[in-house]
Amino acid sequence: MMMKSGYHTNSTRSLHLYASRSVTVSSVIRDTVIVNISVYRFEYKPKKVKTEHDKKAKKRKHEYEEDEEDEDIKPKKKTKDKKGTEGKKSKKEEEEKWKWWEEERYTDGSKWRFLEHKGPVFAPPYEPLPDKVRFYYDGKPMKLSAPAEEVATFFAKMLDHEYTTKDIFRKNFYKDWRKEMTSEEKSKITDLNKCNFSDMNEYFKAQSEARKQMSKEEKLKIKEENERLLQEYGFCIMDNHKERIGNFRIEPPGLFRGRGDHPKMGMLKRRIRPEDIIINCSKDSKHPKPPPGTKWKEVRHDNKVTWLASWTENIQGSIKYIMLNPSSRIKGEKDWQKYETARRLKKCVDRIRAQYRDDWKSKEMRIRQRAVALYFIDKLALRAGNEKEEGETADTVGCCSLRVEHIKLYPKLDDQEYVVEFDFLGKDSIRYYNKIPVEKRLGVTLKHKTGILWGFMRTSILNKHLQELMDGLTAKVFRTYNASITLQQQLKELSCSDDSIPAKVLSYNRANRAVAILCNHQRAPPKTFEKSMQNLQTKIDEKQNQLSAARKQLKAAKADHKASHDDKSKKAVEVKRKAVQRIEEQLMKLQVQATDREENKQIALGTSKLNYLDPRISVAWCKKWAVPIEKIYNKTQREKFAWAIDMAEKDYEF
DNA sequence: CTGCTCACTTAGGACTGTAATT
DNA sequence: AATTACAGTCCTAAGTGAGCAG
């Protein structure tokens, strides 16, 4: 049960960790993916018509029902819980057990028939600072007007962050801050460098300290208040079912901090008022009430969308939404559908791969470029790379927006011919660095490029082409497909039946890790990483000492037994042997833990687990190897993947 | 086409509560 | 009892891609 050296075999990616948050991923041989004919136990049936299932729903208004013909066709009625004794089950419990995946879906593009909710929870109003907390301008205390003071506090709270020293941040903040000042303040305050927020900063630090020091009762009270808020605003009724809302709190005002080198960092994110909010609910529901003395911007009844409320944010001018939790039917169906699309890609990926390889030779430049882009998306799991407005966001790219400076072609590197080196910032300004050897044919194609990388490539062009290759195929489907298929392959390769449960879980994590590396899901090494690694090492050392001590004792006992040959000494040998074995096991467990943690230093597993890996693969693996599902998914994840946990058997194949 | 709006998924990091440790 | 470490949750930014008007 030693860790399999197989993790770094040539069938997986080898991984080198470098400083400065970049992970080098070297060559993957995934070109020979075998497409099996899989058994689809649960075929996705997008053609079925969703109908109202519950009598109660019928009693509700029938506004959208003209387009429903066959109300009574439903394969499975709601699974009745065990009758009799449990008849009095609470509503809540009943809801938790609702198996939406056994019901029909809407096919007319509508997302719901009935939607009722209480609207969002607004950020608490601004509380002016006590008079003793001073702001100083040019060394002199100055009382600010409430609006100017509020914005100043946003800055004061961030004083410890490095970005308050950044030019762009300061410039943006100062510009927006001035807008909140009275004319008097404007004329007085003319230089941000003369502003002293440190007293305010101290005050907030003291406040958060005080919060930590609160008594049990006080903390409990806050907890109860939060719970009450959750119960009141955190749920909605959608088509007869109580569903959890994902984000029912409106984002509070503050200073915008984009990721990476963002041109808008430091700008004021303004406070959202009821007048900014559009409410979406069904006509026949009890409409949410705006806070006393206020109005909603609009109340609409659009059942072609899934959101409950929306507002326009002032930094990018984009729309933000309040939507349901991932455990909800509406999110779950979509998620399930996503994996079914990826499974359809599995069936025709060979054909598509053959075609794009062929297209590398095309006389037409646009065909060649398209084919190369698609190859990168497929092989490297790059994102599509939509165009973005310059100066509005950080300069990041994906496949189609890659520029010449992001790749380098080495006709010969070390002992390999045609190596392409990628180095660019992707989503969230996470660096992607990778070198791959490419086939000669492709190397030659790339070699002829000068200046602009793609010229004609656009995600829209690529996606249009993909649509023709397979219904529902877009660039991101490749990421989903490659992630899931990689997990499945890795699990097959790494799992070993006589491994202990922890060793199996390590194998799972390694399979998960292979995917995270493929998708370039990185994280900042935890602040306490070095220290916690050291602590673990200390434990290992101690265990090792224990072990050698135990071994010595065993040896002594053996010698003793050899000399005396009596029963008593024989027993002693057995006892010592057991002890050695136990310590060996403990040591192994610690070592496994250390390996897992070290390998995970800059890799984030969560993102792929949550968004790219067909949960049925994991569920099936757990069943096959008798690993409790709790070892793989925490409570939230089990809620999100309830459909998969319920339907996947141990022989499920992606 | 092209640009723009809208809806929705995907993403990393901050925050928090709790369990483990001292 | 206090402190620390870590997992889980929350937060919201940053993507993808469809659809529409011109």
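A, B, ... follow the sequence lines: proteins, then strands. Residue 1 opens every chain.
Where A:His161 and A:Lys223 each meet DNA chain B at their nearest nucleotide, the meeting point lying more 5' is that of A:His161. Residue A:Arg597 is the one, among A:Arg597 and A:Ala384, whose nearest nucleotide of DNA chain C lies closer to the 5' end (criterion: closest heavy atom). Where A:Ala475 and A:Met533 each meet DNA chain C at their nearest nucleotide, the meeting point lying more 5' is that of A:Met533.
As judged by a 4.0 angstrom heavy-atom cut-off over every strand, A:Gly398 is placed among residues making no nucleic acid contact. Residue A:Lys269 is classed as a sugar-phosphate contact, given heavy-atom separations below 4.0 Å to backbone atoms only. Across all strands shown, A:Asn386 has heavy atoms under 4.0 Å from base atoms, whether or not it also approaches the sugar-phosphate. The residue A:Pro252 sits close only to the backbone: its heavy atoms come under 4.0 Å of sugar-phosphate atoms, none of a base. A:Gly606 comes within 4.0 angstrom of nothing in the nucleic acid, heavy atoms only. As judged by a 4.0 angstrom heavy-atom cut-off over every strand, A:Lys388 is placed among residues touching the sugar-phosphate backbone only.
Under the 4.0 Å criterion applied to side-chain N and carboxylate O atoms, A:Glu639 and A:Lys635 are assigned as salt-bridge partners.
Between A:Phe256 and A:His262, the ring planes lie perpendicular to each other; the angle is over 60°, past the 30° to 60° tilted range. The aromatic rings of A:His406 and A:Phe424 sit perpendicular, their planes meeting at an angle over 60°, well past the 30° parallel limit.
One finds the CG atom of A:Asn512 at 8.5 Å from the CD1 atom of A:Ile632 (value rounded to the nearest 0.5 Å).
Counting heavy-atom neighbours within 6.0 Å of A:Lys219 NZ, excluding the residue itself, gives a total above 12.
Test A:Trp336, A:Phe641, A:Tyr339 against A:Asp614 for side-chain contact (heavy atoms from CB on, under 4.5 Å) and you get one pass: A:Tyr339.
A:Asp261 places its CG atom 17 Å from the P atom of C:dA13, with the value rounded to the nearest Å. If you take CE of A:Met267 and P of C:dA13, they are 12 Å apart, rounded to a whole angstrom. In this structure, A:Arg211 atom CZ and B:dT16 atom P are separated by 7 Å, rounded to whole Å. Here the C1' atom of nucleotide C:dG17 and the NE2 atom of A:His465 are 17 Å apart, to the nearest Å. C:dA14 atom C1' lies 15 Å from atom CD of A:Glu389, rounded to whole Å. In this structure, A:Asn463 places its CG atom 14 Å from C1' of C:dG19, rounding to the nearest Å. Counting to the nearest Å, the C1' atom of B:dG13 and the CD atom of A:Glu162 are 15 Å from each other. With rounding to whole Å, A:Leu605 atom CG is found 15 Å from C:dC6 atom P.
Taking the ring centroids of A:Phe248 and A:His117, they lie at or beyond the 6.0 Å cut-off.
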Scan nucleotides 8-11 of chain B against the protein and return all N/O pairs shorter than 3.5 Å with their distances rounded to 0.1 Å.
| unit_1 | atom_1 | unit_2 | atom_2 | d |
| --- | --- | --- | --- | --- |
| B:dC8 | OP1 | A:Lys111 | NZ | 2.9 |
| B:dC8 | OP2 | A:Thr306 | N | 2.9 |
| B:dC8 | OP2 | A:Thr306 | OG1 | 2.9 |
| B:dT9 | OP2 | A:Lys331 | NZ | 2.4 |
| B:dT9 | O3' | A:Lys476 | NZ | 3.4 |
| B:dT10 | OP1 | A:Lys476 | NZ | 3.0 |
| B:dT10 | OP2 | A:Lys338 | NZ | 2.7 |
| B:dT10 | O3' | A:Tyr612 | OH | 3.1 |
| B:dT10 | O2 | A:Lys427 | NZ | 2.6 |
| B:dA11 | OP1 | A:Arg383 | NE | 3.4 |
| B:dA11 | OP1 | A:Arg383 | NH2 | 2.8 |
| B:dA11 | OP1 | A:Arg479 | NH2 | 2.8 |
| B:dA11 | OP1 | A:Tyr612 | OH | 2.9 |
| B:dA11 | OP2 | A:His521 | NE2 | 3.2 |
| B:dA11 | OP2 | A:Tyr612 | OH | 3.1 |
| B:dA11 | O4' | A:Lys427 | NZ | 3.3 |

List, with names and distances, any nitrogen or oxygen atoms from the protein found under 3.5 Å away from nitrogen or oxygen atoms belonging to nucleotides 7-9 of chain C.
| unit_1 | atom_1 | unit_2 | atom_2 | d |
| --- | --- | --- | --- | --- |
| C:dT9 | OP1 | A:Thr636 | OG1 | 3.0 |
| C:dT9 | OP2 | A:Thr636 | OG1 | 2.1 |

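For A:Phe376, the ring-ring contact (aromatic ring centres under 6.0 Å, His included) partners at least two apart in sequence or on another chain are A:Phe422.
Nearest nucleotide to the side chain of A:Thr396, out of B:dG13, C:dG15, C:dG17: C:dG15.
Inter-residue side-chain proximity for A:Arg383 and A:Lys476 is flagged as unmet; no heavy-atom pair is nearer than 4.5 Å. Between A:Thr636 and A:Pro326 the shortest side-chain heavy-atom distance does not fall below 4.5 Å.
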